[in-house]
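To start, the structure itself, in structure tokens.
Just so it is clear: chains get the letters A, B, ... in the order the sequence lines come, proteins before strands, and each one is counted from 1.
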Amino acid sequence: MSEYKLTPQSEDFNEWFNTLVQRADLADYGPVRGTMIIKPYGWALWENIQQGLDKRFKATGHVNAGFPMFIPKSFLEKEAKHVEGFSPELAVVTIGGGEELAEPIVVRPTSETLAGHAYANWIKSYRDLPVLINQWNSVVRWELRTKLFLRTAEFWWQEGHTAHATYEEAETETRQMLDVYHDFAVNEAAVPVIRGRKSNIERFAGADQTYTIEAMMKDRKALQAGTSHNLGQNFARAFDIQYLDRNNELQHCWTTSWGFSTRFIGGMVMTHGDDKGLVLPPRLAPFQVVIVPIYKNDDEKSQVMPVVQRIQAELVAADVRVKVDNREDLTPGFKFNDWELRGVPVRMEIGPKDVSKGTVALARRDMPGKEGKSFVSQAGLTSQVQTLLKTIQANLLETATQFRDAHIQDARNYDEFKQIIAAGEWGDCWWAGSDADEKRIKEETGATTRCFPLAQPEGTSQCMLTAQTANEVVLFAKAY
RNA sequence: CGGGGUGUAGCGCAGUUGGUAGCGCACCGUGUUUGGGACGCGGGGGUCGGCGGUUCGAAUCCGUUCACCCCGACCA
């Protein structure tokens with residue numbers, strides 16, 4: 001009945017998200033303020049994300065390692081901007097084994113400093129370069145305002161840390177990993193993202209250059225979905241990461257770092273989800289197909305279940321992730337709604353009528369109601385399902401891309417800009433403003449620069465704010 | 001840290017002028033049901049967020065504290 005229904009997105013997007021994340025069994029609140037328990041269904045989704053990214057990291061020559069979660073506090077202080085950026089949100093351990101520690105230990109908020117320390121020891125020669133290491137872990141940032149998946153005191157992610165002989169190599173690496181994130185987001189998660197460069201103000205603490213992939217949520221707010229930093233020689237200088245080049249001259253390395261977190265799960269929820277619940281992209285969904293067997297009595301059950309099991313086995317053999325919902329005492333109708341809430345891309349109903357006719361009913365999650373429901377033959381079912389999963393995957397990307405593009409508007413002057421932002425849209429504008437101008441716009445409109453897209457239009461034009469000649473276009477939006 | 005809100009069963013809530021705690025869902029048992037959120041009957045479950053006070057008596061009144069949620073300043 002009504003208590004089953006989610007708050008509609010249009011009524012209260014935030015409420016929709018909070019209740020959905022919990023009801024769909026993605027996550028729950030932890031006992032410590034701002035912490036999150038990722039439940040098995042949510043973690044299964046994260047595992048699929050990890051696999052999709054990890055194989056891309058390996059394919060580009062990276063290896064995984066594990067660094068400690070404890071960092072000497074002094075390490076953070078070695079890079080001036082880094083400590084300035086992170087000190088407000090550090091969790092610090094001062095007691096160990098009942099004794100006051102000689103030096104406080106920081107629970108890692110990110111591991112640039114640990115990598116810097118280790119790489120300084122490991123790298124002696126140009127022959128040791130490049131170092132291409134990634135790690136999967138969790139990090140802690142003492143956030144003031146938290147929200148499940150999007151901003152929690154602890155979150156899970158991967159952080160890549162690389163060291164190179166030249167600026168060009170480091171820049172190539174930084175851009176390559178941005179492309180990896182882009183490829184993953186678009187092709188695995190069906191989340192369209194815009195690659196771009198962050199402004200001075202939005203840049204990572206300690207980086208020379210920060211690149212980002214930005215996604216638009218269904219409430220049209222922007223979400224930074226992954227970042228890649230060219231750290232220049234900032235950390236190499238702070239930690240003495242040096243190598244002897246071919247000419248026997250001592251050189252500082254050029255380092256990078258890049259990260260992609262469980263925040264992205266929230267991004268997927270807010271990109272594809274609807275008023276019935278999650279809509280998961282087939283390539284990442286823990287279950288791609290759920291089979292709901294339908295029967296009224298033991299006689300019908302004994303006819304239906306062998307067919308269910310045969311089809312299940314065929315799908316499993318074809319590497320389709322399939323779940324049979326054989327819970328007793330729940331009506332099929334309840335199960336339909338339940339799996340829609342959890343975002344399973346395809347539902348297959350198999351009942352007595354299907355057994356006698358040699359058919360099944362297929363319903364696609366991305367098309368609610370009768371429109372998305374069809375009755376198909378059991379012959380060649382596996383390949384039909386595989387085709388349908390691909391169709392759904394493509395449709396999600398197409399729908400999300402159209403939605404995003406429909407809500408990015410050109411702003412030629414500040415009046416136009418203010419209207420666009422007030423209407424909740426993204427502003428696409430020529431920009432030659434200063435850091436101070438950027439801050440002013442944030443104060444006046446609530447919008448921040450999301451990125452200077454890598455794909456820039458030709459030529460120059462007038463800055464939206466200052467009317468000076470602008471060489472670049474920037475995207476402004478309200479963001480998470 | 002500023003503003004607003006909420007704390008009563010796992011979840012959502014009610015609880016009147018203070019009188020010793022209830023409803024729906026969920027859960028357990030049982031029977032009938034089952035192609036879009038089934039129903040009957042029978043059950044179990046609560047230091048009313050914590051502490052202190054007023055009172056013969058506090059979920060209710062007073063004080064204090066804590067937690068969480070929402071809105072602002074900072075952030076993946």
Rounded off to whole Å, could you give me the [atom1]-to-[atom2] distance for the [X] and [N] pair?
X        : N      : atom1 : atom2 : result
A:Asp329 : B:rU33 : CG    : P     : 13 Å
A:Asn337 : B:rA38 : CG    : P     : 8 Å
A:Arg203 : B:rA76 : CZ    : C1'   : 17 Å
A:Asn14  : B:rG72 : CG    : P     : 10 Å
A:Ile201 : B:rA73 : CD1   : C1'   : 15 Å

Are A:Arg56 and A:Phe184 in a cation-pi contact, defined as NZ or CZ under 6.0 Å from the six-membered ring centre and within 45° of the axis?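 No, A:Arg56 and A:Phe184 do not form such a contact.
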
Please determine if A:Arg195 forms a cation-pi arrangement with A:Tyr211, meaning its NZ or CZ atom is less than 6.0 Å from the six-membered ring centre and no more than 45° off the ring axis.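 No - A:Arg195 does not lie over the ring of A:Tyr211 by the 6.0 Å and 45° rule.
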
Short side-chain N/O contact to B:rG36 OP1/OP2 from A:Lys373, under 4.0 Å: no

Within less than 4.0 Å of OP1 or OP2 of B:rA38, is there a side-chain N or O belonging to A:Thr331?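 For B:rA38, OP1/OP2 do have a side-chain N/O of A:Thr331 under 4.0 Å.
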
Aromatic ring pairing A:His117/A:Phe75, orientation class (parallel under 30°, perpendicular over 60°, tilted between): tilted

Base paired to [N] (Watson-Crick or G-U; both N/O distances under 3.5 angstrom):
N      : result
B:rC41 : B:rG29
B:rA58 : none
B:rA67 : B:rU6

Centroid distance below 5.5 Å plus an interplanar angle below 30 degrees: do A:Phe155 and B:rA76 meet both conditions? yes

Considering every strand and a 4.0 Å limit on heavy-atom distances, what is the contact class for [X]: base, sugar-phosphate, or nothing?
X        : value
A:Lys442 : sugar-phosphate
A:Ala361 : base
A:Gly351 : base

Counting only distance, no hydrogens or angles, is the base of B:rC75 paired donor-acceptor with the side chain of A:Arg151 under 3.5 Å? yes

For the side chain of A:Asp338 and the base of B:rG37, is some donor closer than 3.5 Å to an acceptor across the two?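 Not at all, since no donor on one side and acceptor on the other fall under 3.5 Å apart.
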
